Peer 1: 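I'd like to ask you about the structure that follows.
A quick note: this is a predicted structure, and the numbers were derived from the prediction, not measured. First the proteins, then the strands, lettered A, B, ... as listed; each starts at 1.
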There are 4 protein chains.
Amino acid sequence: MARKRSDDKRGRILEAAVKVFARKGYFGARVSEIARKAGVADGTIYLYFRNKEDILVSLFDEVMAEHIARARQEVGRTKGAAARLRVVAEHHLSLFSGNADLAVVFQVELRQSTKFMERFTATWLQDYFALLTEVMAAGQREGALRSDLPLKLATKAFFGVLDEMVTSWILGRKDYDVGDLAAPVVDLFLRGAASPAKEREARPALRAVASARGGR
Amino acid sequence: MARKRSDDKRGRILEAAVKVFARKGYFGARVSEIARKAGVADGTIYLYFRNKEDILVSLFDEVMAEHIARARQEVGRTKGAAARLRVVAEHHLSLFSGNADLAVVFQVELRQSTKFMERFTATWLQDYFALLTEVMAAGQREGALRSDLPLKLATKAFFGVLDEMVTSWILGRKDYDVGDLAAPVVDLFLRGAASPAKEREARPALRAVASARGGR
Amino acid sequence: MARKRSDDKRGRILEAAVKVFARKGYFGARVSEIARKAGVADGTIYLYFRNKEDILVSLFDEVMAEHIARARQEVGRTKGAAARLRVVAEHHLSLFSGNADLAVVFQVELRQSTKFMERFTATWLQDYFALLTEVMAAGQREGALRSDLPLKLATKAFFGVLDEMVTSWILGRKDYDVGDLAAPVVDLFLRGAASPAKEREARPALRAVASARGGR
Amino acid sequence: MARKRSDDKRGRILEAAVKVFARKGYFGARVSEIARKAGVADGTIYLYFRNKEDILVSLFDEVMAEHIARARQEVGRTKGAAARLRVVAEHHLSLFSGNADLAVVFQVELRQSTKFMERFTATWLQDYFALLTEVMAAGQREGALRSDLPLKLATKAFFGVLDEMVTSWILGRKDYDVGDLAAPVVDLFLRGAASPAKEREARPALRAVASARGGR
DNA sequence: AATGAATGAGAGTTCATTCAT
DNA sequence: AATGAATGAACTCTCATTCAT
């Protein structure tokens, strides 16, 4: 809210950065190119951002803050685990479905280094996982989800599926709308791939995997 | 014959590179540091690799060639969709479970750029997806998997889950064995998260998502 | 306007380059040494020149452009082939007589490679030869020069003599002024070395050498 | 004569070097390329030459030793200044006329640096100049050459003309034989460019240029 | 607040030369 | 004598960042 003088130079820089990062990659992106695309002088970038990395990090923080807040809000207004998971999936996928450049930045460029990954994990991914875990735990309490569902594992799995859908989309021809995958993804997650037939080959009892409690 | 004195310099360089890439990141890694760690002169690197990027790409190609071949082989010896998916999951996870540095390189460094990602997709990921799709299609034919299972989507989902397990593991405290997650992951994938109870809230029919036919 | 602070950085870089190229040779010259001598940072060089080669080429282009223009101008103000040739010779020799470093660069460094030589030939040498040929053709028309003088050959010869005077001077002790050679050189070129005596040994008729029409 | 074991590796290396130096330039030439073209191992080069520079210098020394010896010999068998100058010119030009690669090496590559130039001046050029000066001094004594001919200047001039003919030829289309220029060059040198007419514009007395005694 | 000329550290890669075989 | 794998010094150029204006 601070520097909102003239015509939102900060916003223009972020927009330009998304484009340049998406096309050239973070390391390949030149600060001067971002400046040119944003219509400002090189030095001006440094009035709004500490350094090149701060542009990427800020971009991510701002998009995520809003995204999570909105997802959480709508989840709050929704009843039932299945519906709630659908809400999350729809939010997740639609965040990128209209903006391939942003998707590239989030799926590829932001994962440049363990440093970024760890920061990303420590900030919003943790929140995001907490939201998913809450939804699932509630689902268990209300009987919609299996009581023996390993929550941590299921949370990561759910995220992993959505993440792969986005990555797969940006690396492919993008001739479909990722947003449309929300329903089938949730359906698969809930019902599983196995045929519901009575007799199937030995279905091993779910070994409680206390191990997957691991961080991230 | 050729490289007489060399006691597998090439292998030593690759090993050193895994370590350095894992610790410093691809861009942060210095060729001279790899050379030092491998116990060779800087110039020697260039007798075995075209350039820095070629080290990363070769590393990936060689590990993957062997990995896929072995997975495919054991899948061939195994019967039943569930068992086969477990084989794939075990291979995938155990590839990294003993080698966190390799995991970092594959999960993080190799995804530096869309350029790498696209290469990776075009080469082995395509093969890997094909293997998974075959296994699932066979599973449908034998009645083990739902006949309305969207194969492309399920393939990506299965991969996405495994991929996230590895990423999550390397970014966390690594105080468990990722390899142990194979069984629970496959179980979740097959049975789904939903409670098998008769009455659950509206389970929407799986909308055939012809859209997810997209590339990658 | 533009480069505000610059007190002719470009000029200072060129001056420094002449010194460094003359002392170390083009390949032996270090860009950082030129920068140091010019009192600028290494990177600054690249604000004014595309690369190291561009420094050499620019140097040559700028000196030559002015040199040829001035020679052509004074030739235009002078009457008579002999006087005009003297003007050219004086210009040529005096260009270097006060500046041994520049002479070294032009006589030695600029001839590093056929690439430079060809460029040099294609640009100003062609102009220079044209000027000389014009002067001589006019000399023939006015009767001052032999009508059977092979113009192309004579042009090259005249240039060759001047060029050798400069080269010889820079490689020697430089204890005389090359500029003073203009008059005797032109005199030799005009009168020839042979004794004007009636009886000399067989003077073979000048075989028209259509062959020397060759390029350059 | 020393190492003449197997099949004249030394000669093959020199031949290969002429080609590579001519095509790539001295600095651009790779020792390994010379080795490859000569059909020997890289290391073998160093059994015959101290280093890369020594290849160039040896090449030049050997060609020159023979060239000068032969020119001097034939000059000894020839009578009259004009004929002798023609002998020298013919030798000079025919040395290169059949071998454009050698010409490039001698006219361009050997002039890489003042270091080479000075060595070249100190060794054979001095000899060559001495031969020319002797021929001209004898010509003066026998009355064929003007008694007021400045010998040093005339020597350099004669060399300069020949040198330019060769350079001009290699940089041009080479669609004529440089060797054919010997006669017209000598003719021009002897008779001069001026019309022999009685009345010409002021012919300034030749100012004795004691100064041009300078080295080289 | 904005500019953009100037900075200068930094690293991938080449290649002449060596020397164990 | 011959080899060629190994060496490692050396250098141009880029580009994030600064700061005088």
Side-chain angles (χ1 to χ4, degrees), chain A residues 2-7 9-10 27-36 39-55, chain B residues 1-6 9-10 27-36 39-55, chain C residues 1-7 9-10 27-36 39-55, chain D residues 3-7 9-10 27-36 39-55:
Chain A
R3 303 177 220 76
K4 264 284 171 49
R5 182 77 63 102
S6 50
D7 33 327
K9 283 200 169 53
R10 190 168 197 283
F27 283 97
R30 303 296 153 227
V31 171
S32 60
E33 191 180 348
I34 296 174
R36 192 164 41 72
V40 300
D42 291 17
T44 305
I45 300 262
Y46 293 85
L47 296 176
Y48 295 92
F49 301 95
R50 262 192 315 284
N51 50 37
K52 186 180 172 184
E53 185 181 320
D54 188 41
I55 303 175
Chain B
M1 23 238 68
R3 299 164 196 118
K4 267 161 297 180
R5 288 183 273 177
S6 88
K9 285 200 167 54
R10 189 170 196 285
F27 284 96
R30 301 295 150 227
V31 171
S32 60
E33 192 179 350
I34 296 175
R36 193 165 40 71
V40 299
D42 290 18
T44 304
I45 301 263
Y46 294 87
L47 294 177
Y48 296 92
F49 301 95
R50 261 191 311 286
N51 49 37
K52 187 181 171 184
E53 185 181 321
D54 188 41
I55 304 176
Chain C
M1 19 239 71
R3 299 162 197 122
K4 267 161 292 177
R5 290 182 271 177
S6 86
D7 0 14
K9 285 201 166 55
R10 190 169 196 284
F27 284 98
R30 300 295 148 228
V31 171
S32 60
E33 192 179 349
I34 295 174
R36 193 164 42 69
V40 300
D42 289 19
T44 305
I45 301 263
Y46 294 87
L47 294 177
Y48 296 92
F49 301 95
R50 261 191 313 283
N51 50 36
K52 187 181 170 183
E53 185 180 320
D54 188 41
I55 303 176
Chain D
R3 304 178 221 75
K4 263 288 169 47
R5 182 76 65 100
S6 48
D7 33 327
K9 283 201 169 52
R10 190 169 196 282
F27 283 97
R30 303 294 154 229
V31 171
S32 60
E33 192 180 348
I34 296 175
R36 191 163 43 70
V40 301
D42 290 18
T44 305
I45 300 264
Y46 293 85
L47 296 175
Y48 296 92
F49 302 94
R50 263 193 312 283
N51 51 37
K52 186 180 173 184
E53 184 181 322
D54 188 40
I55 304 175

Peer 1: Across all strands shown, which nucleotide pairs with F:dT12 by Watson-Crick or G-U wobble geometry, both distances under 3.5 Å?
Peer 2: E:dA11
Peer 1: Roughly how far, to the nearest 0.5 Å, is NZ of D:Lys52 from OH of D:Tyr46?
Peer 2: 8.5 Å
Peer 1: Tell me which nucleotide among F:dT3, F:dA5, E:dT7 gets nearest to the side chain of C:Leu47.
Peer 2: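 Between F:dT3, F:dA5, E:dT7, the one nearest the side chain of C:Leu47 would be E:dT7.
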Peer 1: How long is the gap from CG on A:Leu47 to CZ on A:Arg10, to the nearest 0.5 Å?
Peer 2: 12.0 Å
Peer 1: Among E:dA2, E:dA6, F:dT3, which nucleotide sits nearest the side chain of A:Tyr48?
Peer 2: E:dA2
Peer 1: Can you measure B:Lys9 atom NZ to F:dA6 atom P for me and round it to whole angstrom units?
Peer 2: 4 Å
Peer 1: Report the residue from D:Asp54, D:Val31, D:Asn51 that forms a side chain to side chain contact (heavy atoms under 4.5 Å, CB included) with D:Ile45.
Peer 2: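 Checked D:Asp54, D:Val31, D:Asn51 against D:Ile45; only one passes side chain to side chain contact (heavy atoms under 4.5 Å, CB included): D:Val31.
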Peer 1: Quickly work out the D:Ile45 CD1 to E:dA16 C1' distance and round it to whole Å.
Peer 2: 11 Å
Peer 1: Round to a whole Å and report the spacing from CD1 of D:Ile55 to P of E:dA16.
Peer 2: 9 Å
Peer 1: Looking at E:dC15, E:dG12, F:dT12, which one has an atom nearest to any side-chain atom of B:Arg30?
Peer 2: E:dG12
Peer 1: Rounded to whole Å, please give me the gap between CZ in D:Phe27 and P in F:dT12.
Peer 2: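 About 12 Å, once rounded to whole Å.
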Peer 1: Return whichever of C:Gly39 or D:Ala29 has its heavy-atom-nearest nucleotide of DNA chain E closer to the 5' end.
Peer 2: C:Gly39
Peer 1: In whole angstroms, how far is the P atom of F:dC15 from the CG atom of A:Asn51?
Peer 2: 17 Å
Peer 1: Rounded to whole Å, how long is the line connecting atom CD of B:Glu33 with atom C1' of E:dG10?
Peer 2: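 Going from CD in B:Glu33 over to C1' in E:dG10 covers 15 Å.
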Peer 1: Taking only the side-chain heavy atoms of C:Tyr46 (C-beta and beyond), determine which of F:dC15, F:dA2, F:dT14 contains the nearest atom.
Peer 2: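 Nearest nucleotide to the side chain: F:dT14.
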Peer 1: So, taking the atom named CD1 in C:Ile34 and the one named CZ in C:Phe49, what distance separates them when rounded to the nearest 0.5 Å?
Peer 2: 9.0 Å
Peer 1: Nearest-nucleotide wise, let me know which of C:Val31 and D:Asp42 is further upstream toward the 5' end of DNA chain F.
Peer 2: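 Between the two, 5'-proximity favours D:Asp42.
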Peer 1: Write down the partner of E:dT21 under the Watson-Crick or G-U wobble criteria, each distance required to be under 3.5 Å.
Peer 2: F:dA2
Peer 1: Separation of B:Ile34 atom CD1 from E:dT13 atom C1', in whole Å?
Peer 2: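 Rounding to the nearest Å, CD1 of B:Ile34 and C1' of E:dT13 are 13 Å apart.
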Peer 1: Expressed in angstrom and rounded to an integer, what is the separation of D:Arg50 atom CZ from E:dT18 atom C1'?
Peer 2: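 Checked: the CZ to C1' distance equals 17 Å.
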Peer 1: About how many Å separate OH of D:Tyr48 and CD1 of D:Ile55, when rounded to the nearest 0.5 Å?
Peer 2: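 Spacing of CD1 (D:Ile55) from OH (D:Tyr48) equals 13.0 Å.
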Peer 1: Both B:Thr44 and C:Thr44 contact DNA chain F. Taking the nearest nucleotide for each, which residue is further toward the 5' end?
Peer 2: B:Thr44
Peer 1: Which of the following nucleotides, E:dG8, F:dG8, E:dA16, is nearest to the side chain of D:Lys52?
Peer 2: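 Of the candidates, E:dA16 comes closest.
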Peer 1: Looking only at the side chain of A:Val40 (C-beta and beyond, no hydrogens), which of the listed nucleotides E:dT14, F:dA2, E:dT3 gets closest?
Peer 2: E:dT3
